[in-house]
Amino acid sequence: METEPGDPQTFHVESNAAESDFRSLFRLETSLVEVCKKLLELSPELAPYAKGLPGLRIMRPTATAETAISFLCTPNNSLHRIVPMVKRLAAKGEVLLEHRGRTIYAFPSIGQVADLSEAELKEAKFGYRARTIPEIARQMIDRGGEEWLEDLKQKPYEQVHEELIELTGIGPKLADCIALFALDKTEAVPLDTHMWKMAVKHYFPQFEGKTVTGKRYQEVSEFFRDQFGELAGWAQQLLFYDSLTGGQATIDA
DNA sequence: CTATAACCGTAA
DNA sequence: TACGGTTATA
């Protein structure tokens, strides 16, 4: 499957699903070459990071609740711990099938996560999130659970963010992650520590050495939305990926 | 308003 | 021992 002209990357996918499903999943209708060009016109100082963009795609959200719940594992955490945590969480759902001694589980529903015991998650190395994850799930259930999330998808970004941070345990960054990756709100610009440093370095020198407050988060996040509009999420990916790879951004992986 | 401690596990 | 988001507190 070719991605786009000028982009040497190709996908090799074996599946019984239709090619159109993968085009949708990886947003292949978006030309990253074009996105890159527009981003550099808007902000030439991004040039050093641009080489990481071709091949770096924001997937279109599919499993809303599953994605939202998975992101509850991410605050104040690193990828190396998040991945195994999500895997252990994913094994808490219903048994789908047993095959050759292996059990396949469905991802737990929000209600099932809400009912997980703190002790059970502590056992699974969730640390203090053994308390916070079911607590957040319970607050989601109070608001309608899966249905509440689906309804949020239809609402404007500002309202989505507002409603999400009402839950204790969901701050501005996590709310933006859920808005972007689970609810398809492409205006969301999650400001994690990497993004904060990039923003300070390139656009907010006055915040050098300052901590992130709610007000500053709002200001910087809004700046990215104003500066890049619909492309804010791509700018975010660009800077985030470079920061993750320590400036050694390549598309080999 | 802003800054800081505490939360937990990993090794950024 | 530093680190990473959020909350509670000063």
Side-chain angles (χ1 to χ4, degrees), chain A residues 49 52 56 67-92 110 113-114 116-140 142-143 152 157 160-183 185 188-201 204-224 232-233 236-250 252-253:
Chain A
Y49 311 107
L56 182 65
T67 307
I69 291 288
S70 296
F71 266 100
L72 302 187
C73 298
T74 65
N76 200 18
N77 211 347
S78 64
L79 210 49
H80 294 96
R81 192 154 58 111
I82 292 167
V83 173
M85 275 175 71
V86 171
K87 280 185 181 166
R88 288 190 288 263
L89 192 59
K92 299 291 185 185
I110 301 179
V113 174
L116 291 173
S117 76
E118 180 173 352
E120 183 180 4
L121 289 178
K122 270 259 164 67
E123 186 79 16
K125 310 251 183 207
F126 276 68
Y128 65 84
R129 294 178 196 79
R131 178 179 53 80
T132 60
I133 292 176
E135 204 170 270
I136 297 171
R138 265 176 251 124
Q139 298 172 72
M140 289 179 168
D142 289 343
R143 286 160 171 77
L152 280 184
Y157 162 74
V160 169
H161 195 261
E162 221 171 89
E163 287 197 40
L164 285 173
I165 59 176
E166 278 175 21
L167 309 208
T168 302
I170 298 188
K173 142 70 164 60
L174 181 52
D176 273 328
C177 284
I178 294 175
L180 176 62
F181 295 112
L183 304 176
K185 296 296 157 194
V189 182
L191 281 191
D192 77 324
T193 184
H194 306 292
M195 277 302 288
W196 173 253
K197 285 173 187 153
M198 285 292 188
V200 169
K201 180 175 172 186
F204 292 85
Q206 69 273 32
F207 291 156
E208 183 69 54
K210 301 282 187 186
T211 59
V212 189
T213 64
K215 189 177 151 67
R216 288 176 193 151
Y217 186 100
Q218 168 73 14
E219 184 180 349
V220 173
S221 172
E222 212 168 275
F223 163 81
F224 277 108
Q236 196 264 351
Q237 288 299 292
L238 195 74
L239 292 171
F240 182 74
Y241 186 65
D242 181 83
S243 187
L244 262 192
T245 54
Q248 303 300 304
T250 66
D252 298 333

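Per chain, numbering begins at 1; letters A, B, ... match sequence-line order.
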*asked:* Students often get this wrong, so: under 4.0 angstrom with heavy atoms, is A:Leu167 touching a base, only sugar-phosphate, or nothing?
replied: sugar-phosphate
*Check: B:dA3 base within 3.5 Å donor-acceptor of A:Thr211 side chain*: no
*Select one nucleotide: of C:dT6, B:dC8, C:dG4, the one nearest the side-chain heavy atoms of A:Lys122.*
B:dC8
*Look at all strands and tell whether A:Ser78 reaches a base, only sugar-phosphate, or nothing, counting heavy atoms closer than 4.0 Å.*
base
*A:Glu208, CD: over 12 other non-hydrogen atoms inside 6.0 angstrom*: no
*Phosphate oxygens OP1/OP2 of C:dT7: is one of them under 4.0 Å from a side-chain N or O of A:Lys173?*
no
_What's the separation between atom CD1 in A:Ile165 and atom CG in A:Leu174, rounded to the nearest 0.5 Å?_
11.0 Å
*Base, sugar-phosphate, or nothing for A:Arg216, non-hydrogen atoms under 4.0 angstrom?*
sugar-phosphate
*Measure distances between side-chain N and O atoms of A:Arg129 and base N and O atoms of B:dC7, and say whether any donor-acceptor pair falls under 3.5 Å.*
no
*Using a cut-off of 4.0 Å on non-hydrogen atoms, how would the nucleic acid contact of A:Thr168 be classed: base, sugar-phosphate, or nothing?*
sugar-phosphate
*Should A:Glu120 and A:Lys92 count as an ion pair when the cut-off is N to O under 4.0 Å?*
yes
*Any donor-acceptor N/O pair, A:Arg216 side chain to A:Thr211 backbone, under 3.5 Å*: yes
*Respond yes when some side-chain nitrogen or oxygen of A:Lys210 is under 4.0 Å from OP1 or OP2 of B:dA3, and no when none is.*
yes
